[in-house]
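First the proteins, then the strands, lettered A, B, ... as listed; each starts at 1. What you see below is based on every heavy atom in this structure, not just the backbone, and it leaves out hydrogens, waters and symmetry mates.
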Number of protein chains: 2
Amino acid sequence: MNSALDDRLPRYQRLRDDLAARINRNEWRPGDLIPSEAELGAHYGVAIGTVRKAIDQLVSDGVLERQQGRGTFVRRARFNSSLFRFFRFQSESGERRVPQSRILRRKAMPATTAVASALRIGAGEPVISLSRLRLIDDVPLLAEEIWLQRSRFEALLALETTEFGDLLYPLYEDRCGQVVVSADEILTVEIATEMQSRLLRLEANAPLIVIERLAFDLERRPIEWRRSRGPADRFRYHAEIR
Amino acid sequence: MNSALDDRLPRYQRLRDDLAARINRNEWRPGDLIPSEAELGAHYGVAIGTVRKAIDQLVSDGVLERQQGRGTFVRRARFNSSLFRFFRFQSESGERRVPQSRILRRKAMPATTAVASALRIGAGEPVISLSRLRLIDDVPLLAEEIWLQRSRFEALLALETTEFGDLLYPLYEDRCGQVVVSADEILTVEIATEMQSRLLRLEANAPLIVIERLAFDLERRPIEWRRSRGPADRFRYHAEIR
DNA sequence: AAGTGGTCTAGACCACAGC
DNA sequence: CTGTGGTCTAGACCACTTC
């Protein structure tokens, strides 16, 4: 379970995993300064070069951020990151803006088999389901269904949905200590159902783009599954591939 | 121009750039074994650790590949890479296959302003334009327009288009010494024109997915621009985002 | 001036491939 | 057995931030 203990792995790997786990359990929170390389080396009994290699990995994972002369910090949610790219549905004038969010429904429920399999939990385990509409200039742009493991996001049930704000990931960070660092997305196109076309104010049978996203924490465990649908004619998606 | 000479940059950076340039000018070709770390260190007059750091970067760029005990090799085109992911248009049965390719047209011409700006060359400079149809089970799946800088791809003009094969990137490698290592893609949806719907055997006004791709060499210079269109209802695109 | 990360070095030992 | 990359160490010096 805990790779930080598996002594077949190189030290820098175990160190990376241990640091990742410490961040994940909120020993250090986004924005915090972590101990210096020298301190970490002394604490773990390894050379500074080994610490550097572990930190290098976490930096390239987007989890940590170095600042020469200042120290190494836990990175905050990145609003310009590609995680936010399907915000790039164009507004009328073409510029990019953060859409408004309106939570339509919030429900605690047992996971369906599909949700459980995506989140890699058992069927029937408690999850939180959100239904959200995103708008620009009061025009609906995306209809989203979101599922979260309840045990990690309990705090969301105690909060008024009107207090959620326009972005969820900062909320996850602040209220639940959950940090999204990567995601897999699958894009497809389908035809709007009657309900969807009413919600998005489209004509019947309009083509919709469907974006399924599975978001991971820094230990690559799935923490959020969402399915977003928007009018295909306003869709523009940018991807960098390697 | 040549960052390998800029002594404000760290040595491992200059070394990385110099190695990249040597690969790009085909001093070593895909599949070749490059000199050992010790040899490179001796040749460039740097410590082995510095060589390792330069090679580390090229490995994470996907240009080189280490094999413990054997050496470091120039990577061949990766057919399972995400560069090939819009091959994932599903076949009837759902499995993934490499589509057939049919070159419909090949033309040497001066670059239009749009093409020149994408490829970052001057308007009117010579380019090669390809028009290609991709099929699975003889059913058209993608209609592609492709533009290449003529100076780099001259060899393609001397080859029968029927000899091109089903994949272009291996052809670029073998015939022209050009290696694609990364790309930017922009996805949009549009409605098929009459000509497109005839080519792809769709009904009029069917929704099309449009994938614009700018492909880069390992010095991040654009070498190919393509625009691919396919039926939206058979589209499935996977992206990993960080 | 003190502390931090950034670069670079030199060398030890290990794991693996290939003769 | 030799040569290769993989890990790890220890220390020097530099560049930057903060006081």
Item to check | Interatomic distance, B:L19 atom CG to B:W28 atom CH2 [nearest 0.5 angstrom] | outcome: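 Spacing of CG (B:L19) from CH2 (B:W28) equals 5.5 Å.
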
Item to check | A:V74 side chain near A:L33 side chain, heavy-atom distance below 4.5 Å | outcome: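 Counting from C-beta outward, A:V74 and A:L33 never come under 4.5 Å.
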
Next on the checklist: I want to check something: taking the side chain as every heavy atom from C-beta on, are A:W225 and A:L148 in contact at a cut-off of under 4.5 Å?
Outcome noted: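 No, their side chains stay 4.5 Å or more apart.
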
Checklist entry - Does anything in residues 37-46 of chain A pair up under salt bridge (charged side-chain N to carboxylate O under 4.0 Å, His left out), and if so which pairs, sequence neighbours excluded? => result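 Every salt bridge (charged side-chain N to carboxylate O under 4.0 Å, His left out) pair that includes a residue of residues 37-46 of chain A, provided the two are not neighbours, is A:E37-A:R52, A:E37-A:R66.
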
Next on the checklist: Under the rule for side chain to side chain donor-acceptor pair (under 3.5 Å), what residues qualify as partners of B:Q100, not counting sequence neighbours?
Outcome noted: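 With neighbours one apart ignored, the set is empty.
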
Checklist entry - Should B:D32 and B:R76 be marked as a salt bridge (Lys or Arg N to Asp or Glu O under 4.0 Å) after you check the CA-CA gap, both sets of side-chain angles, and the distance that decides it? => result CA-CA 9 Å; B:D32 282 0; B:R76 325 193 115 274; over 6 Å; no

Item to check | Atom-pair distance (CG on A:L33; P on C:dT4), nearest Å | outcome: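 The distance from CG of A:L33 to P of C:dT4 comes to 9 Å, rounded to the nearest Å.
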
Checklist entry - Counting any heavy atom closer than 4.0 Å, what does A:R11 reach on the DNA or RNA strands: base, sugar-phosphate only, or nothing? => result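 Sugar-phosphate, backbone atoms only, no base.
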
Checklist entry - Do NZ/NE/NH1/NH2 and the carboxylate oxygens of B:D166 and B:R134 come within less than 4.0 Å? => result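 The answer is no: the pair does not qualify as a salt bridge.
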
Next on the checklist: One thing to verify: whether A:K53 and B:D56 come together as a salt bridge, which I'm taking to mean a side-chain N less than 4.0 angstrom from a carboxylate O.
Outcome noted: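 Between A:K53 and B:D56 there is no salt bridge, as every charged N stays at least 4.0 Å from the carboxylate O atoms.
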
Checklist entry - salt bridge (Lys or Arg N to Asp or Glu O under 4.0 Å) with B:E145: which of B:R227, B:R132, B:R226, B:R106? => result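 Of B:R227, B:R132, B:R226, B:R106, salt bridge (Lys or Arg N to Asp or Glu O under 4.0 Å) with B:E145 is met by B:R227 alone.
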
Checklist entry - With sequence neighbours left out, what residues match B:F216 under ring-ring contact (aromatic ring centres under 6.0 Å, His included)? => result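 By the ring-ring contact (aromatic ring centres under 6.0 Å, His included) rule, B:F216 matches no residue at all.
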
Item to check | Strand-adjacent residues in residues 36-43 of chain B, judged by heavy atoms under 4.0 Å from DNA chain D | outcome: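 B:S36, B:E37, in order of number.
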
Checklist entry - Of all nucleotides in DNA chain D with an atom under 4.0 Å from a non-hydrogen atom of chain A, which is the first and which the last going 5' to 3'? => result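 Contact boundaries, 5' end first: D:dT7 to D:dT18.
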
Next on the checklist: I'd like to compare against my own output: the B/S/- annotation of nucleotides 14-19 of chain C with a strict under-4.0 Å heavy-atom distance to protein.
Outcome noted: -BBSS-

